[in-house]
*Asks:* 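If you scroll down you'll find the structure; I have some questions about it.
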Amino acid sequence: MLNLYKTLRKQLLVAIEKTIQDIAPSPQSSGRALDPQLVAASKPEFGDFQVNIALSLAKELKQSPHGIAMRIVENLNIDQDFSALCNAPQIAGPGFINLRIKNQCLVAEIQARIKDKRLGVPLINSETPDAITPTVVVDFSSPNIAKEMHVGHLRSTIIGDSLARVLEFRGYSVLRINHVGDWGTQFGMLITHLKEVAPEALETANAVDLGDLVTFYREAKQRFDTDAVFQTTSRDEVVKLQRGDPLAKKAWELLCEQSRQEFKKIYDYLDVKLSERGESFYNPYLQNVVDDLNKKGMLVTDEGAKCVFLDGMYGKSGKPLPIIIQKSNGGFNYATTDLAALRYRFATPPEGDGACRLIYVTDAGQSNHFQGVFQVAKLANWIPKASRVEHVPFGLVQGEDGKKLKTRSGDTIRLRDLLDEAIDRAEADLRRRLKEESREETEVFITRVSKAVGLAAVKYADLSQNRVTNYQFSFDRMLSLQGNTAPYLLYALVRIAGISRKGGSLDIQGSSLEFKEPQEWALIRELLRFDETIAEVEEELLPNRLCNYLFELSQVFNRFYDQVPVLKASQPYRDSRLALCRLTADTLKLGMSLLGLPILERM
RNA sequence: GCGCCUGUAGCUCAGCGGAUUAGAGCAUCUGACUACGGAUCAGAGGGUCGGGAGUUCGAAUCUCUCCAGGCGCGCCA
């Protein structure tokens, strides 16, 4: 109902302006930015929208809020366009103005949706088709080379993918960047260690498999933490790599390629598309970061490292906390890379992405880091005007014990295993159900449905929570097929497909719709909320808002389905109800596809 | 110690500064299959929105403070 909202807002502004002039005519009071405080009604019985401005104007105009509300309503009633849109406004409580959209307008909206594949969601450039398509960078997933993806990567991957899908649907040119960890000290560690224990891995492709690499990595990490000599050798190895040493580079390429193959399997499985552009990509730009910061006088050499000190950032013992741009041995680290990446993403093509918005989907533990990086970028004037840089943090994945699942010490659930188990459980559940209902289905059907249900359940469990909070990882909860879960949404879809199979054509033109049941009107209102939900997700980058909406839509639909007959109804109700079914299915399908969830007709 | 985040029903969580009953789901209890798939629907019980203060006509929501938990805090990313 975004377009109705906009229209109403305009009409309200006129009426409020007039009201202010009536009560307290003054040159200052006109022409300023007024907020009509038009919001969705807090309860269905209050209508569709409520206007709250009378209460805040009361003090300023020294009149009762109720009186002001009455005058606003009078002025609204003069407007014939308004009267065509809304029933007579009601004043409630101290001075709220309740608005209810006329039924015929709601029906017209529904008719428009039936013909609109975008279901009311406008394209970003729909009003200015000649404008350049704005580019948004979504930086997500970003596993580390030589490590296996674990449940922590799942959050970044799924959330990032969903945000990218929403932005793409809105018409942005989205760069899905996989900022893989392929360039840090970890590499020095690994190469140094492999030189000793498995030199063939550095010369021959696929000499060891990823599982072994993970073990080597773990060993290397342990040596790094305990052995000072190994530490220095490792760091120097990184510097060699960063300076382009051919042997180090060759070893590095082999390791990357091996990991890449493994990552791809997971991404294909999850139906996630990404462009790999790891940290190493920005290597040629690192020195510039140092030089430019130096020119701007922002660098301080401290204990041999080149640092930026920011106001208000202190470490353990109250000492100012630096952001290290170049290490004492000449190497660069992640702040430098992130700064180089930020510049590249804003820079105009071809030597940059020309983005207007940067979105980083990483765990909340990196909040401080990004805050620092963004602040340095701001001070250095590297963030163009009218552009946005956002860290999209998400909480930890905790074990049943409430503690963080360790990523480096080894006790991690492999992502692949998690997904497989989800699918296995979905399959067992499906087979049990088939037996109970004496249904016969082919193995192909069972495999396909289990995979879709399992993966959808895992994804949805993650997406449906506010990403900021930690979440306790639990197979049982994740895979539960009851309540606010993917299977519930899928089931609503399956029911509609069932109606269609039983002879209800969903190919409705919707030229003569007629509704009479409250369950129909509730469903209509719910369907029309889709566009504002998408707008919200685009702005706040919270996919759980879309999940909530789809769940509520499914609930409202199930109520309608349960209480209002469709196929047995007489015309014109039968076709009108079929139109609602069709629109519900379209909305669910589109919404679920924006979450990256698979869709089924039968389950 | 400092910084960031979180604290809402037994459990998992929604909640856009607004209306005498703060919402879902799970779990518990009670109903509904001669029905378009019951993986559903109707209903019940269950809350000092961590504590306190402040701003406001109005606070779960904004500010401050305290308490509890999580994460981070110099050359890992």
Side-chain angles (χ1 to χ4, degrees), chain A residues 37 39-40 42-43 46 50 52 55-56 58-59 65 92-96 98 142 144 181 183-186 189 221 224-225 235 279 302-307 312-329 331 333-335 337-338 362-369 371 393 395-396 398 402-404 407-408 429 433 437 439 453 464-466 468-472 474 477 480-485 487-488 490-492 494-504 532 536 540 544-545 547-548 551-552 555 558-559 561-563 565-568 577 581 602-603:
Chain A
Q37 300 185 32
V39 296
S42 57
K43 290 186 184 175
F46 302 144
Q50 62 185 53
N52 301 333
L55 294 114
S56 45
K59 199 175 190 180
F96 300 98
N98 291 336
S142 309
N144 287 331
W183 207 238
T185 302
Q186 47 172 1
M189 282 160 35
K221 170 69 178 159
F224 187 86
D225 288 342
R235 286 187 180 137
E279 294 168 344
D302 194 77
E303 294 175 31
K306 290 176 182 161
C307 311
M313 292 192 82
Y314 298 96
K316 262 178 199 162
S317 44
K319 276 195 273 182
L321 190 67
I323 290 172
I324 294 174
I325 302 297
Q326 188 163 26
K327 297 190 273 196
S328 51
N329 70 348
N333 66 359
Y334 71 136
T337 308
D338 280 344
T362 79
D363 69 282
Q366 297 190 49
S367 293
N368 289 339
H369 162 67
Q371 223 181 320
L396 293 170
Q398 301 174 319
K403 289 194 174 157
K404 180 182 179 179
T407 54
R408 295 195 179 181
D429 195 75
R433 191 172 294 280
E437 297 170 8
R439 269 170 69 190
V453 170
S464 59
Q465 270 184 41
N466 187 320
V468 182
T469 52
N470 290 348
Y471 103 87
Q472 224 173 61
S474 152
R477 225 174 290 140
S480 161
L481 302 181
Q482 247 108 55
N484 183 4
T485 61
Y488 183 89
L490 285 168
Y491 186 60
V494 165
R495 285 181 136 180
I496 298 170
I499 288 179
S500 169
R501 279 195 300 274
K502 283 272 160 73
E532 57 204 56
E536 231 175 79
E540 315 212 11
N544 66 306
R545 294 273 168 84
C547 294
N548 267 351
F551 177 59
E552 277 164 23
Q555 275 188 314
N558 275 328
R559 227 163 275 156
Y561 178 92
D562 199 61
Q563 294 160 20
V566 176
L567 292 178
K568 287 179 186 161
R577 287 168 192 176
C581 289
R602 291 201 310 126
M603 63 194 284

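Keep in mind that the numbers below use all heavy atoms, side chains included, and drop hydrogens, waters and symmetry copies.
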*Asks:* When we call it a touch if two heavy atoms are under 4.0 Å apart, what does Gln563(A) touch: a base, just sugar-phosphate, or nothing?
*Replies:*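 Sugar-phosphate contact only - Gln563(A) comes under 4.0 Å of backbone atoms but never of a base.
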
*Asks:* Hunt down the Watson-Crick or G-U wobble partner of G3(B), both distances under 3.5 Å, from any strand shown, or write none.
*Replies:*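 Paired with G3(B), as far as the under-3.5 Å criterion goes, is C71(B).
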
*Asks:* Which of the following nucleotides, G37(B), U6(B), C2(B), is nearest to the side chain of Tyr314(A)?
*Replies:*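 For Tyr314(A), the side-chain atoms sit closest to C2(B).
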
*Asks:* Reckon Leu567(A) touches a base, only the sugar-phosphate, or nothing at all at heavy-atom distances under 4.0 Å?
*Replies:*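 Here Leu567(A) touches the bases of the nucleic acid.
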
*Asks:* Reckon Asn368(A) touches a base, only the sugar-phosphate, or nothing at all at heavy-atom distances under 4.0 Å?
*Replies:*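 Base, at least one base atom sits under 4.0 Å.
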
*Asks:* Roughly, in whole Å, what's the span from CD1 in Ile323(A) to P in G72(B)?
*Replies:*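 Spelled out: CD1 on Ile323(A) to P on G72(B) is 18 Å.
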
*Asks:* Quick one: label Arg577(A) by what it contacts on the DNA or RNA (base, sugar-phosphate, nothing), any heavy atom closer than 4.0 Å.
*Replies:*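 Contact class for Arg577(A): none.
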
*Asks:* Watson-Crick or G-U wobble partner for U28(B), using a 3.5 Å limit on both distances?
*Replies:*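 Answer to the pairing question: A44(B), which forms a Watson-Crick or G-U pair with U28(B).
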
*Asks:* In whole Å, I'd like the distance from the CD atom of Gln465(A) to the P atom of C11(B).
*Replies:*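 Spelled out: CD on Gln465(A) to P on C11(B) is 15 Å.
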
*Asks:* Looking at Val566(A), Ile499(A), Leu567(A), which one forms a side-chain contact (heavy atoms from CB on, under 4.5 Å) with Arg577(A)?
*Replies:*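 Among Val566(A), Ile499(A), Leu567(A), the one that satisfies the side-chain contact (heavy atoms from CB on, under 4.5 Å) with Arg577(A) is Val566(A).
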
*Asks:* Under 4.0 Å between any heavy atoms, over every strand shown, what does Met603(A) touch: base, sugar-phosphate, or nothing? Just pick one.
*Replies:*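 Base, at least one base atom sits under 4.0 Å.
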
*Asks:* Side-chain contact test, heavy atoms from C-beta onward, threshold under 4.5 Å: evaluate it for Gln186(A) versus Phe224(A) and give yes or no.
*Replies:*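 Side-chain contact under 4.5 Å: no.
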
*Asks:* Just how far is it from atom OG of Ser464(A) to atom CG of Asn544(A), taken to the nearest 0.5 Å?
*Replies:*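 Atom-to-atom, Ser464(A):OG and Asn544(A):CG are 7.5 Å apart.
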
*Asks:* Measuring to OP1 and OP2 of G15(B), would you say a side-chain N or O of Asn466(A) lies under 4.0 angstrom away?
*Replies:*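 Asn466(A) to G15(B) OP1/OP2: side-chain N or O found under 4.0 Å.
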
*Asks:* Can you find a heavy atom in the side chain of Asn548(A) that is under 4.5 Å from one in the side chain of Asn484(A)?
*Replies:*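 Yes, close enough: below the 4.5 Å cut-off.
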
*Asks:* Name the closest nucleotide to the Gln371(A) side chain, picking from G37(B), C4(B), A14(B).
*Replies:*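 Side chain of Gln371(A) sits closest to C4(B).
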
*Asks:* For U56(B) and G74(B), measure between their P atoms and round to the nearest Å.
*Replies:*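 Looking at atom P only, U56(B) and G74(B) are 43 Å apart.
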
*Asks:* What does Gly181(A) touch in the nucleic acid at a heavy-atom separation under 4.0 angstrom: a base, only the sugar-phosphate, or nothing?
*Replies:*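 Contact class for Gly181(A): none.
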
*Asks:* So which nucleotide does C33(B) pair with, by the Watson-Crick or G-U wobble rule with both distances under 3.5 Å?
*Replies:*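 The answer is none; no pair meets the criterion.
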
*Asks:* For A14(B), give its Watson-Crick or G-U wobble partner with both distances under 3.5 Å, or none.
*Replies:*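 None - no nucleotide pairs with A14(B), as no candidate has both distances under 3.5 Å.
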
*Asks:* Return the value, rounded to whole Å, for the distance between atom CE of Met313(A) and atom C1' of C4(B).
*Replies:*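 Nearest whole value for this atom pair: 10 Å.
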
*Asks:* Tell me the partner of A59(B), counting only Watson-Crick (N1-N3 plus N6-O4 or O6-N4) or G-U wobble (N1-O2 and O6-N3) with both under 3.5 Å; none if nothing fits.
*Replies:*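 Partner of A59(B): none.
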
*Asks:* Please classify the nucleic acid contact of Tyr561(A) as base, sugar-phosphate, or nothing, using heavy-atom distances under 4.0 Å.
*Replies:*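 Base, at least one base atom sits under 4.0 Å.
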
*Asks:* Starting at the 5' end of RNA chain B and moving along, which residue's nearest nucleotide shows up first, His369(A) or Val566(A)?
*Replies:*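 Whichever sits nearer the 5' end wins; that is Val566(A).
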
*Asks:* Can you tell me how far C1' in A27(B) sits from the matching atom in A9(B), rounded to whole Å?
*Replies:*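 Those two atoms are separated by 12 Å.
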
*Asks:* Rounded to the nearest 0.5 Å, what separation is found between the CD1 atom of Ile323(A) and the CD atom of Gln371(A)?
*Replies:*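 Nearest 0.5 Å value for the CD1-CD distance: 9.5 Å.
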
*Asks:* Under 4.0 Å, heavy atoms only, any strand: does Cys581(A) hit a base, just the sugar-phosphate, or nothing?
*Replies:*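 Nothing, no heavy atom under 4.0 Å.
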
*Asks:* Indicate, with a heavy-atom threshold strictly under 4.0 Å, whether Val39(A) touches base, sugar-phosphate, or nothing.
*Replies:*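 No contact.
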
*Asks:* With heavy atoms under 4.0 Å as the rule, sort Asn329(A) into base, sugar-phosphate or nothing.
*Replies:*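 Answer is nothing: Asn329(A) stays at 4.0 Å or more from every strand.
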
*Asks:* Between A14(B), G74(B), C36(B), which nucleotide has the shortest distance from any of its atoms to the side chain of Glu303(A)?
*Replies:*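 Nearest nucleotide to the side chain: G74(B).
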
*Asks:* Looking at C41(B), C36(B), A19(B), which one has an atom nearest to any side-chain atom of Asp562(A)?
*Replies:*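 Shortest atom-to-atom distance from the side chain points to C41(B).
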
*Asks:* Heavy-atom nearest nucleotide on RNA chain B for Glu552(A) versus Gln555(A): which residue maps closer to 5'?
*Replies:*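 On the 5' side of the pair lies Glu552(A).
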
*Asks:* Take atom C1' in U21(B) and the same atom in A44(B), then report the distance between them in whole Å.
*Replies:*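 U21(B) and A44(B) have their C1' atoms separated by 15 Å.
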
*Asks:* Could you check which of C36(B), U21(B), U40(B) has an atom nearest any side-chain atom of Lys43(A)?
*Replies:*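 My answer, after comparing the listed nucleotides, is U21(B).
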
*Asks:* Sticking with atom C1', work out how far C11(B) lies from C73(B), rounded to a whole angstrom.
*Replies:*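 The answer is 34 Å between these two C1' atoms.
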
*Asks:* What's the gap between C4(B) and A14(B) when it is taken at their C1' atoms, as a whole Å value?
*Replies:*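 Pairwise C1' distance, C4(B) against A14(B), rounds to 23 Å.
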
*Asks:* Rounded to the nearest Å, what distance is computed from the CD atom of residue Gln37(A) to the C1' atom of nucleotide G58(B)?
*Replies:*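 Result: 12 Å.
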
*Asks:* Can you tell me the Watson-Crick or wobble partner of C64(B), both distances under 3.5 angstrom?
*Replies:*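 Across all strands, the one nucleotide that pairs with C64(B) is G52(B).
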
*Asks:* Distance check: side-chain N/O of Ser42(A) vs OP1/OP2 of A19(B), anything under 4.0 Å?
*Replies:*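 Indeed, a polar side-chain atom of Ser42(A) lies that close.
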
*Asks:* Base, sugar-phosphate, or nothing: which does Asn98(A) touch, judged by heavy atoms less than 4.0 Å apart?
*Replies:*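 The answer is base, as Asn98(A) lies within the cut-off (heavy atoms under 4.0 Å) of a base atom.
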
*Asks:* For G37(B), does either OP1 or OP2 sit under 4.0 Å from a side-chain N or O belonging to Lys502(A)?
*Replies:*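 Affirmative; the distance criterion is met.
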
*Asks:* Paired with U20(B): which nucleotide, if any, by Watson-Crick or G-U wobble criteria at under 3.5 Å for both distances?
*Replies:*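 Its partner: none found.
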
*Asks:* Mind checking if Tyr488(A) touches a base, just sugar-phosphate, or nothing, with heavy atoms under 4.0 Å?
*Replies:*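 It contacts sugar-phosphate atoms only.
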
*Asks:* How long is the gap from CD1 on Ile496(A) to OH on Tyr561(A), to the nearest 0.5 Å?
*Replies:*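 Going from CD1 on Ile496(A) over to OH on Tyr561(A), the span is 9.5 Å.
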
*Asks:* Does either side chain, that of Asn558(A) or that of Tyr491(A), offer a donor lying less than 3.5 Å from an acceptor on the other one?
*Replies:*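 No, no side-chain donor-acceptor pair sits under 3.5 Å.
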
*Asks:* Looking only at side-chain N and O atoms, does Lys568(A) come under 4.0 Å of OP1 or OP2 in C36(B)?
*Replies:*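 Looking at the OP1 and OP2 atoms of C36(B), one of them is under 4.0 Å from a side-chain N or O of Lys568(A).
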
*Asks:* Using the C1' atoms only, state how far U40(B) lies from U6(B), rounded to an integer number of Å.
*Replies:*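 Rounded to whole Å, the distance is 35 Å.
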
*Asks:* Ignoring the backbone of Leu396(A), work out which of G74(B), G70(B), G37(B) is nearest its side chain.
*Replies:*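 Closest of the options to the side chain of Leu396(A): G70(B).
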
*Asks:* Kindly point out which of C36(B), U40(B), G18(B) is positioned nearest to the side chain of Asn52(A)?
*Replies:*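 Output: G18(B).
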
*Asks:* Taking atom P in both G18(B) and U63(B), compute the distance separating them and give it to the nearest angstrom.
*Replies:*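 Rounded to whole Å, the distance is 15 Å.
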
*Asks:* Between A32(B) and G70(B), how far is it from one C1' atom to the other, in whole Å?
*Replies:*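 45 Å, rounded to whole Å.
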
*Asks:* Within the 4.0 Å heavy-atom criterion, would you say Pro65(A) contacts the bases, only the backbone, or no part of the nucleic acid?
*Replies:*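 Pro65(A): no heavy atom of the nucleic acid under 4.0 Å.
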
*Asks:* Output the single nucleotide from G70(B), U40(B), A42(B) whose closest atom is nearest the side chain of Arg559(A).
*Replies:*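 For the Arg559(A) side chain, the nearest candidate turns out to be A42(B).
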
*Asks:* Find the distance between OG1 (Thr485(A)) and CG (Leu490(A)) and round it off to the nearest 0.5 Å.
*Replies:*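 It is 8.5 Å, given to the nearest 0.5 Å.
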
*Asks:* Base, sugar-phosphate, or nothing for Arg433(A), non-hydrogen atoms under 4.0 angstrom?
*Replies:*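 The residue Arg433(A) makes base contact.
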
*Asks:* Could you go through Thr362(A) and His369(A), starting from their C-alpha distance and side-chain angles, then the distance that decides it, and tell me whether this counts as side-chain contact (heavy atoms from CB on, under 4.5 Å)?
*Replies:* CA-CA 11 Å; Thr362(A) 79; His369(A) 162 67; over 6 Å; no

